[in-house]
Amino acid sequence: MSFELKKEELSALKCTCTVCTEQSIDLELNLPDYCSDIKRILKCSVSPNVVTLSRSGERASAEGEIVVRLVYVNNEEKTDCFEHKIELSKSAELKDVTQDAVVVCNADTEYVNCRAASQRRCSVNGNISVTFKAYSCESKHVISQIESSGAQTLREKTDCVNTVACGEKCFDLSETASIEQKMQPIGKIIRSDALARLDTVKAVSGKLLIKGDLHTQVLYCGDSADGEVQCLHHSMPISQIIEIPDITEDTECSVRLYVRSLSLQPRADSSGSNRLLEIAAKVCAFVEGYDIKTIELIDDCYSTRCKMKAEFGQVSFLKKLHTFDSRETFRKTVELSGQNAKTVLDARCVKTVPDVTSDGKKLELHLNLIVGLLFIDEENRIQYTEKTVEYTGRTAAASECKKIVCTPYVSVEEIEGIARTDSKIDLRVVFSSNFNVFSSEEKRICTGVSEDEEQQKEENAALIVCYCKKGEKLWNIAKRYSTTLEAVREENDLHGDETEDERMLMIPCV
């Protein structure tokens with residue numbers, strides 16, 4: 001006897017390849033004539049910008065630049081800075097990666113050390129990591145039904161995440177920002193940050209429409225005698241159409257925006273002052289489209305017509321638990337370790353490390369932030385320090401979970417620092433989160449069936465008397481005597497799945 005199997009397709013987004021490369025930094029920087037002498041180094045930052053990402057066969061290449069920015073105090077106790085750029089060029093072999101896989105690249109600064117060798121020279125050592133990842137949708141088929149006369153199946157319905165598409169689109173944004181008249185013209189840039197924020201997502205047939213904004217924050221020394229530290233905020237709209245095959249109006253889409261490179265160039269206006277700033281950024285949108293699919297998985301099976309040989313195996317799938325999609329504010333106080341701050345000039349997030357944990361019933365979002373603080377102390381000297389700030393928030397999960405799967409995506413939008421008189425600074429941190437949390441499930445299911453030709457089905461009488469125990473599964477009884485569950489229930493006027501007490505059952509044969 002042959003069995004006709006009906007199967008369901010499940011697809012999940014998988015990272016099929018990860019290659020980490022490194023580029024070391026070993027520089028001896030001599031200050032140009034237009035820079036003042038170094039008295040104290042406040043901060044040396046290294047920012048990698050990936051401008052182009054290309055792929056040829058199994059080889060992926062990333063090209064761009066690394067911006068080294070030295071911020072220091074000169075002999076007049078004023079802030080000065082110097083910028084130096086070097087080439088970024090890394091490649092990786094992506095073995096066994098399909099051509100339709102989505103390849104992404106991320107560059108991070110692992111560490112940087114800076115030491116002043118003299119008032120005109122400093123040495124910078126550091127390391128940049130460039131990580132290439134390939135994503136693709138991997139499909140598998142599971143048996144949901146055995147369509148054959150005499151086949152009996154014990155099935156369980158379950159909801160699972162089925163990925164239908166993934167893709168990435170990178171696009172360029174550029175605009176010229178004007179400096180307000182109440183602010184000083186741009187002298188030298190101390191730091192720059194750009195944050196891509198998502199506002200709305202709309203899926204149509206084969207396309208995804210996204211809207212948001214790119215917020216750029218630039219801290220600079222004013223082009224004046226006092227060189228006052230100024231902060232420029234500028235936003236430009238994001239409106240993009242992303243071609244994603246297989247996406248429909250009913251597809252749930254997870255979109256992650258990130259800035260891969262940022263370039264700034266001060267320009268003079270008609271008055272000859274640097275009151276214009278050309279901003280150019282490359283923003284990438286990584287998209288995963290999925291639906292929640294209800295499928296039936298076969299826990300057990302047998303046949304009333306023959307001896308059936310069934311094979312079983314483990315299948316893993318994801319269930320959606322929760323979506324973090326909020327904008328929150330928390331407050332913390334940091335200790336300056338003996339220093340007193342009179343005024344906080346700048347507070348920024350240097351690094352964000354998010355994590356999600358579960359105790360089985362509730363989810364916890366943990367944030368570990370490194371906050372950089374530029375401030376003026378009681379002796380009117382400019383100082384810089386970095387402090388670690390932690391935050392934990394709890395939320396109820398949709399159901400109990402044992403193993404969670406997620407890629408936390410948290411953006412720190414704003415940090416405000418207020419100096420106190422007791423060597424402390426009060427921080428107000430505004431952050432947004434936008435990511436999904438899934439539960440990883442594993443289940444034993446039927447993976448194949450065939451007739452056991454070595455064993456013949458025994459001929460039973462028309463009716464068999466069976467003595468059962470309390471709590472015995474009716475499915476097991478029906479399987480033991482090669483009859484149907486419905487027949488056992490009907491003959492004995494039973495309605496549940498188990499026997500309620502010890503009793504005699506009449507087993508009809510089919």
Derivation and outcome, disulfide (SG to SG under 2.5 Å), residues Cys81 and Cys221: CA-CA 8 Å; Cys81 49; Cys221 298; 4.6 Å; no
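- Using a distance-only test at 3.5 Å, with no hydrogens or angles considered, a donor-acceptor pair links the side chain of Thr109 to the main chain of Val46.
- More than 12 heavy atoms of other residues, nucleotides or ligands lie within 6.0 Å of NZ in Lys140, so this atom counts as buried by the packing criterion.
- The shortest non-hydrogen separation linking Leu88 to Asn49 is CD2-O, 3.7 Å.
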Check step by step if salt bridge (charged side-chain N to carboxylate O under 4.0 Å, His left out) holds for Arg121 and Asp37. CA-CA 9 Å; Arg121 190 175 78 252; Asp37 290 346; over 6 Å; no
Using the rule given for side-chain contact (heavy atoms from CB on, under 4.5 Å), can you reason through Asp346 versus Val229, listing the C-alpha separation, both sets of side-chain angles and the distance that settles it, and then say yes or no? CA-CA 9 Å; Asp346 182 51; Val229 175; 5.7 Å; no
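- Using a 4.5 Å heavy-atom threshold, the side chains of Lys188 and Ile190 count as separate.
- Of the possible donor and acceptor atoms, one in the side chain of Tyr220 sits under 3.5 Å from a partner among the backbone N and O of Gln184.
- At least one donor-acceptor pair under 3.5 Å links the side chain of Ser423 to the backbone N or O of Gln339.
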Show me, pair by pair, the donor-acceptor contacts under 3.5 angstrom made by side chains of residues 94-101, not counting sequence neighbours?
residue : atom : partner : partner atom : Å
Thr98   : OG1  : Asp100  : OD1          : 2.6

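- At least one donor-acceptor pair closer than 3.5 Å links the side chain of Arg55 to the backbone N or O of Gly57.
- Evaluation of the salt bridge (Lys or Arg N to Asp or Glu O under 4.0 Å) rule for Glu63 yields no partner, not counting sequence neighbours.
- Contacts classified as side chain to side chain donor-acceptor pair (under 3.5 Å) and involving residues 14-30 (residues at least two apart or in different chains) are given here: Asp26-Asn125.
- Between Pro32 and Arg120, the shortest heavy-atom distance links the atoms O-NH2, 2.7 Å.
- When all heavy atoms of Leu257 and Ala285 are compared, the pair lying nearest together is CD2-CB, 3.5 Å.
- Remark: side-chain polar atoms of Asp246 are not paired, donor with acceptor, to backbone N or O of Ala165 under 3.5 angstrom.
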Could you check Val68 against Lys85 for side-chain contact (heavy atoms from CB on, under 4.5 Å), going step by step and ending with a plain yes or no? CA-CA 6 Å; Val68 180; Lys85 296 180 180 179; over 6 Å; no
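- Here the side chain of Lys293 pairs a donor or acceptor atom with the backbone of Glu9 at under 3.5 angstrom.
- If you take CG on Leu208 and SG on Cys253, they are separated by 4.5 Å, rounding to the nearest 0.5 Å.
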Going through the distances and angles, do Lys43 and Glu386 end up as a salt bridge (charged side-chain N to carboxylate O under 4.0 Å, His left out)? CA-CA 10 Å; Lys43 171 71 173 177; Glu386 293 182 354; 2.6 Å; yes
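- The SG atoms of Cys44 and Cys122 lie 2.5 Å or more from each other.
- Ala280 is linked by a side chain to side chain contact (heavy atoms under 4.5 Å, CB included) to Ser174, Ser263, counting only residues two or more places apart in sequence or in another chain.
- A donor-acceptor distance shorter than 3.5 angstrom exists from the side chain of Asp377 to the backbone of Glu379, with no hydrogens or angles considered.
- Residues passing the side-chain hydrogen bond (donor to acceptor under 3.5 Å, both in side chains) test with Lys342 are Asn380, sequence neighbours excluded.
- Within a 6.0 Å radius of CZ in Arg115, other residues, nucleotides and ligands contribute 12 heavy atoms or fewer.
- In this structure, the side chain of Arg275 engages the main chain of Met183 through a donor-acceptor pair within 3.5 Å.
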Take Leu367 and Phe431, measure what side-chain contact (heavy atoms from CB on, under 4.5 Å) needs, and give me the verdict at the end. CA-CA 10 Å; Leu367 292 183; Phe431 73 93; 3.9 Å; yes
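- The minimum heavy-atom distance between Cys15 and Tyr135, with the atom names listed, is CB-CE2, 3.7 Å.
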Determine, stepwise, if the pair Tyr258 / Tyr409 fulfils ring pair (Phe, Tyr, Trp, His ring centres under 6.0 Å). CA-CA 10 Å; Tyr258 65 97; Tyr409 183 59; 8.1 Å; no
Apply ring pair (Phe, Tyr, Trp, His ring centres under 6.0 Å) to residues Tyr384 and Phe375 and explain how you reach the verdict. CA-CA 6 Å; Tyr384 178 83; Phe375 62 94; 8.7 Å; no
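- The aromatic rings of Tyr290 and Phe438 stand perpendicular to each other, their planes meeting at an angle above 60°, with 30° marking the opposite boundary.
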I would like to know whether Val73 and Arg381 meet side-chain contact (heavy atoms from CB on, under 4.5 Å); could you show each step before the answer? CA-CA 9 Å; Val73 174; Arg381 296 180 304 178; over 6 Å; no
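- Atom-to-atom distance recorded for Asp325:CG and Asn434:CG is 4.5 Å, nearest 0.5 angstrom.
- Between Ile186 and Pro266 the shortest heavy-atom distance is CG2-CG, 4.0 Å.
- In this structure, the side chain of Ser11 engages the main chain of Thr163 through a donor-acceptor pair within 3.5 Å.
- Annotation: Lys387, atom NZ; neighbour count of heavy atoms from other residues, nucleotides and ligands within 6.0 Å is above 12.
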Check against salt bridge (charged side-chain N to carboxylate O under 4.0 Å, His left out), Lys319 and Glu441: CA-CA 7 Å; Lys319 284 188 175 182; Glu441 307 285 333; 5.3 Å; no
Between Ser129 and Asp108, does a side chain to side chain donor-acceptor pair (under 3.5 Å) hold up when you go through it step by step? CA-CA 5 Å; Ser129 65; Asp108 285 312; 4.9 Å; no
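- A distance of 9.0 Å separates OG1 of Thr388 from CG of Leu369, quoted to the nearest 0.5 Å.
- Minimum heavy-atom separation, Asp422 to Asn340: C-OD1, 4.0 Å.
- Sorted by first and then second residue, the side chain to side chain donor-acceptor pair (under 3.5 Å) pairs involving residues 198-207 (not counting sequence neighbours) form an empty list.
- Under a 3.5 Å cut-off, the side chain of Lys169 and the backbone N or O of Ile241 do form a donor-acceptor pair.
- Rounded to the nearest 0.5 angstrom, Ile189 CD1 and Arg69 CZ are separated by 6.0 Å.
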After noting the C-alpha distance and the side-chain angles of His366 and Thr357, does the key distance pass the side chain to side chain donor-acceptor pair (under 3.5 Å) rule? CA-CA 8 Å; His366 305 273; Thr357 61; 2.9 Å; yes
